[in-house]
Amino acid sequence: AQSVTQLDSQVPVFEEAPVELRCNYSSSVSVYLFWYVQYPNQGLQLLLKYLSGSTLVKGINGFEAEFNKSQTSFHLRKPSVHISDTAEYFCAVSGGQTGANNLFFGTGTRLTVIP
Amino acid sequence: DTAVSQTPKYLVTQMGNDKSIKCEQNLGHDTMYWYKQDSKKFLKIMFSYNNKELIINETVPNRFSPKSPDKAHLNLHINSLELGDSAVYFCASSLLLTAYEQYFGPGTRLTVT
């Protein structure tokens, strides 16, 4: 079975500082990895995805993530955060044994950018 | 020109009632989903439909019944509501059954009292 672990439930960071949100997954087969962002009282928006190819994936709003197969990780990074980045971030995995279109989500990381 | 829309946005009701949540997508996608987000923000898939056919039905009580009148709509009907049904319900869609990118609606916050 697939699962996703987001190690930090809350991450406070000062404005213009870098940030890394951690995500680890477990799966015995190839997977596809995603980061979604949820702004307050809104639905989820896709930030970026890894399906194949280059392990460094660039997404919207200046975010990027690196797929590391040996460490089964897909950490999200941004070199300089803005107040508007305050939101809940979800890592998700799809593919493998249970079907290509199943998305399994982590428990989320609340990013709070401090002025 | 909202891509995935849900109505209502908020729904407050009493235990034992029956309620429906509607979802519509104007993206021309073939596949639609319902997710439940609990009070701890954990998201879990409930159902997926492809071309009006049920594909996935996770361990969801049979009080929950999805209905897809056409490819653009996937409604969620809930019978005999319980306190534990209180959550935010998200509808989503993807281009194909095998497409990995899903587009989410704004969510419906259901509160059962």
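Naming: A, B, ... by sequence-line order, numbering from 1 per chain. What you see is a predicted model; the values in this text were computed from it and never measured. All values below were derived from every heavy atom in this structure, side-chain atoms included, with hydrogens, water molecules and symmetry-related copies excluded.
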*Asks:* Which region of B/Gln37, side chain (C-beta onward) or backbone (N, CA, C, O), has a non-hydrogen atom less than 4.5 Å from a non-hydrogen atom of chain A, or is it both or neither?
*Replies:*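 Just its side chain gets close to chain A.
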*Asks:* Assigning hydrophobic clusters by single linkage (Ile, Leu, Val, Met, Phe, Trp, Tyr; side-chain heavy-atom cutoff under 4.5 Å), is B/Val60 placed with B/Leu81?
*Replies:*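 They do share one cluster, since a chain of ILVMFWY contacts under 4.5 Å joins B/Val60 to B/Leu81.
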*Asks:* Flag yes if B/Leu11 and B/Phe90 sit in one hydrophobic cluster, no otherwise; membership is Ile, Leu, Val, Met, Phe, Trp, Tyr, and two members link when side-chain heavy atoms are under 4.5 Å apart.
*Replies:*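 They do not share one cluster, since no chain of ILVMFWY contacts under 4.5 Å joins B/Leu11 to B/Phe90.
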*Asks:* For residues A/Leu103 and B/Gln102, determine if any side-chain heavy atom of one lies less than 4.5 Å from a side-chain heavy atom of the other.
*Replies:*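 A side-chain contact under 4.5 Å exists here.
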*Asks:* Sequence neighbours excluded, which residues qualify as ring pair (Phe, Tyr, Trp, His ring centres under 6.0 Å) partners of B/His29?
*Replies:*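 Checked B/His29 against ring pair (Phe, Tyr, Trp, His ring centres under 6.0 Å); matches are B/Tyr103.
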*Asks:* Check the surroundings of atom CG in B/Asn62: do more than 12 heavy atoms from other residues, nucleotides or ligands lie under 6.0 Å from it?
*Replies:*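 Check fails, neighbour count at 12 or below.
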*Asks:* Quick check on the interface: out of A/Gln38, A/Gln42, A/Arg110, A/Glu88, who has the most heavy-atom pairs with chain B under 4.5 Å?
*Replies:*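 So the answer, after comparing A/Gln38, A/Gln42, A/Arg110, A/Glu88, is A/Gln38.
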*Asks:* Can you find a pair of side-chain heavy atoms, one from A/Leu44 and one from B/Leu43, that are under 4.5 Å apart?
*Replies:*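 A/Leu44 vs B/Leu43: side chains touch.
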*Asks:* Answer yes if A/Val37 and A/Val11 sit in the same cluster of Ile, Leu, Val, Met, Phe, Trp and Tyr residues linked by side chain heavy atoms under 4.5 Å apart, and no otherwise.
*Replies:*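 Yes, it is one cluster - the side chains of A/Val37 and A/Val11 are joined through contacts under 4.5 Å.
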*Asks:* Is B/Lys9 close to chain A through its backbone or its side chain, or both, or neither, when contacts mean heavy atoms under 4.5 Å?
*Replies:*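 The side chain, not the backbone.
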*Asks:* What part of B/Lys40 gets within 4.5 angstrom of chain A, counting heavy atoms only: side chain, backbone, both, or neither?
*Replies:*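 Contact with chain A: backbone only.
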*Asks:* Could you pull out all residues at least two apart from A/Phe90 that satisfy ring pair (Phe, Tyr, Trp, His ring centres under 6.0 Å)?
*Replies:*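 Listed in chain order: nothing, the list is empty.
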*Asks:* Looking only at non-hydrogen atoms, find the nearest pair between B/Phe42 and A/Phe105 and report the distance.
*Replies:*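 For B/Phe42 versus A/Phe105, the nearest heavy atoms are CE1-O, 3.4 Å.
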